[in-house]
Amino acid sequence: MLKTIDLFAGAGGITEGFRKAGYVCACANDFDEEAKHTFTYNHPTVPYVLKDVREVTADELLSAANCLASEIDVITGGPPCQGFSLAGQRLSDDPRNMLFREYIRIAKDIQPKVLLFENVYGIMNMQGGKVLNAIVSEFEKIGYQCKFDLINAADYGVPQVRPRFVLIGVRGFDKTITFPEPTHGKPDTSGHMQLFAPSLLPYVTVQDAFSNLPTVDQGEGQEEMPMPLQWDNSFQKNCVGVRNPGVVYNHRATKHSKAIQDRYAMIPQGCNNSVLPPEVRTKKQNAYKLDMSQPGRTVTCNFRTDLIHPIMNRGLTVREAARLQSFDDDYCFFGNLTRKAKWLTQDDQVGNAVPPLLAYAFATHIKDHILPQFEKEN
């Protein structure tokens, strides 16, 4: 039985992907109450330490997990990287670096076989690459060989162009680290036979993701709706889920004014509101209408205003954004829809998540190609 500890677990995107790949999450940690509510509803058997990571010890996590450090195969997580700072060529003692240092501290104390570290793609260019060099150096100091790359979630079957930085750290310096090969890509329209090229499935599009969802207009929808067990493609079939098939959660649309609806109607698919006539244009230029024939644009925490449904003149529902993130339909998100509350909204939880299908690709690859290299140590 392969076991993980998930730091910065949020609503559980990485946990979900690893679960589908056959791992057991021994323990998860984050500090937000609504994220915990979402996580524990969908992963009811996983202990969740609701605490600031700066106050959590490795022993506390292992106690909650009821296991020994030697039983943990993988630690996953992606600490926020905003504000990483250097002193010379090293990460400074700036408090904004502390969350990453806590990841390092816990990994050092537990010493799992593998570390999976995910973050925004901009981390690769921070301060001319010096921040990344310092981060890799910190991993190496605690005994981990590293390999990192910029990957696109769409290459692994996620219906969304989502560039992310991923680093795999492996304990010791005598192992081979590889990344999973992409499974999806743009169709070859050259007409030439590709004898030696890998056979890639076509990218999963917005049409593929949305076509069987219940239609909801302005202000319509519910937090829980019946969902016919019918699908138009394999992606939709795989979204049915096993917890509560036949139901879809969080499919409630925001009500927009007529002026906003009219403005959205004027934006062609694949364009933002910068194409509008000056007299109706607003200062906000990043309201983008999804193109049904392409993977979606990156889902952020502001998808109700940043991403416009390709056919309905409204922002996305939480469920539509969750589909673009590759969550199952019965993966339920809790919390407010507005930021009036202290805790994370449903939008924040979906936008911050690692797509489960992306996590699944890496989890499967680690299980099949990296962890077996440790067998000779036993």
Side-chain angles (χ1 to χ4, degrees), residues 153-154 158-163 186 202-228 230-233 235-236 239 248-327 329 333 336-340 345-353 355:
V158 179
Q160 175 194 173
V161 175
R162 191 179 185 90
K186 291 183 179 179
Y203 281 138
V204 182
T205 67
V206 175
Q207 170 75 18
D208 296 331
F210 286 1
S211 65
N212 74 329
L213 283 173
T215 300
V216 296
D217 208 336
Q218 305 287 323
E220 295 180 350
Q222 300 174 21
E223 286 298 294
E224 181 176 345
M225 300 175 67
M227 180 72 182
Q230 300 173 352
W231 44 82
D232 299 332
N233 51 64
F235 174 82
Q236 294 175 4
C239 282
V248 62
Y249 291 118
N250 312 117
H251 194 37
R252 186 150 54 103
T254 300
K255 178 72 174 177
H256 298 300
S257 68
K258 186 175 184 306
I260 292 176
Q261 293 180 50
D262 290 345
R263 185 162 63 247
Y264 284 174
M266 298 173 66
I267 301 174
Q269 290 187 26
C271 298
N272 62 23
N273 54 346
S274 65
V275 303
L276 295 175
E279 62 271 17
V280 298
R281 195 181 305 160
T282 63
K283 292 182 179 180
K284 184 178 176 64
Q285 297 296 305
N286 59 340
Y288 175 86
K289 181 173 284 189
L290 295 170
D291 185 335
M292 289 286 276
S293 67
Q294 302 295 326
R297 177 172 282 194
T298 298
V299 174
T300 68
C301 298
N302 300 309
F303 57 78
R304 289 180 184 276
T305 55
D306 288 354
L307 295 179
I308 305 169
H309 192 281
I311 298 174
M312 315 293 289
N313 297 316
R314 57 166 176 77
L316 299 187
T317 67
V318 169
R319 179 49 45 194
E320 288 161 347
R323 273 273 180 108
L324 294 182
Q325 284 276 60
S326 74
F327 281 98
D329 292 333
F333 295 88
N336 287 357
L337 299 182
T338 64
R339 289 188 172 81
K340 296 178 181 178
T345 65
Q346 293 181 19
D347 299 20
D348 294 327
Q349 294 172 47
V350 174
N352 286 333

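Because the structure is a prediction, the values reported are computed rather than measured. Along the sequence shown, the residues carry numbers beginning at 1.
- Side chain of Q325 to main chain of V350: a donor-acceptor pair is present (N/O by atom type, distance under 3.5 Å, no hydrogens or angles).
- Looking at heavy atoms from C-beta onward, R252 lies out of side-chain contact with V216 at the 4.5 angstrom threshold.
- No donor-acceptor distance shorter than 3.5 angstrom exists from the side chain of Q230 to the backbone of N212, with no hydrogens or angles considered.
- Heavy atoms only, all atoms of each residue included: P214 and M227 are closest at CD-SD, 3.6 Å.
- Remark: R323 engages D329 in a salt bridge (charged side-chain N to carboxylate O under 4.0 Å, His left out) (not counting sequence neighbours).
- Under the side-chain hydrogen bond (donor to acceptor under 3.5 Å, both in side chains) test applied with T317, the options H251, E220, H309 reduce to a single match, H251.
- Partners of Y264 under the ring pair (Phe, Tyr, Trp, His ring centres under 6.0 Å) rule, at least two apart in sequence or in another chain, are H256.
- The shortest side-chain heavy-atom distance between C301 and D348 falls under the 4.5 Å cut-off.
- Note on residues 290-315: pairs passing salt bridge (charged side-chain N to carboxylate O under 4.0 Å, His left out), not counting sequence neighbours, are K284-D306, R304-D347, R314-E320.
- At least one donor-acceptor pair under 3.5 Å links the side chain of Q218 to the backbone N or O of N313.
- When all heavy atoms of V248 and R319 are compared, the closest pair comes out as CG2-CG, 3.4 Å.
- In this structure, N272 CG and L307 CG are separated by 11.5 Å, a value rounded to the nearest 0.5 Å.
- Rounded to the nearest 0.5 Å, atoms CD (Q160) and OH (Y203) are 12.5 Å apart.
- From K289, atom NZ reaches atom SG of C271 across 9.5 Å, with rounding to the nearest 0.5 Å.
- Remark: L290 CG to I267 CD1 distance equals 11.0 Å, nearest 0.5 Å.
- N273 places no side-chain N or O within 3.5 Å of a backbone atom of R263 that could act as its donor or acceptor partner.
- Checking T300 against N302 by side-chain atom types alone, no donor-acceptor pair falls below 3.5 Å.
- Here the closest non-hydrogen pair linking P268 and V275 is CD-CG2, 3.8 Å.
- In terms of heavy atoms, S211 sits closest to Q236 at OG-NE2, 2.6 Å.
- Within the 4.5 Å cutoff, side-chain heavy atoms of I311 are placed close to those of M292.
- For the pair R162 (side chain) and T298 (backbone), a donor-acceptor distance under 3.5 Å is absent.
- Between the side chain of N233 and the main chain of D208, a donor-acceptor pair closer than 3.5 Å is present.
- Taking all atoms of both residues into account, the shortest heavy-atom contact from P295 to V206 is C-CG2, 4.0 Å.
- With hydrogens and angles disregarded, no donor-acceptor distance shorter than 3.5 Å links the side chain of D262 to the backbone of A259.
- Residues M266 and P277 meet the side-chain proximity criterion, which asks for heavy atoms closer than 4.5 Å.
- Between the side chains of N336 and Q346, not a single donor N or O lies within less than 3.5 Å of an accepting N or O.
- Taking CG from N250 and CD from Q222, the interatomic distance works out to 12.0 Å, rounded to the nearest 0.5 Å.
- The CZ atom of F303 sits 14.0 Å away from the CD1 atom of I308 when rounded to the nearest 0.5 Å.
- The backbone N or O of F333 sits nowhere less than 3.5 Å from a side-chain atom of Q349 that would complete a donor-acceptor pair.
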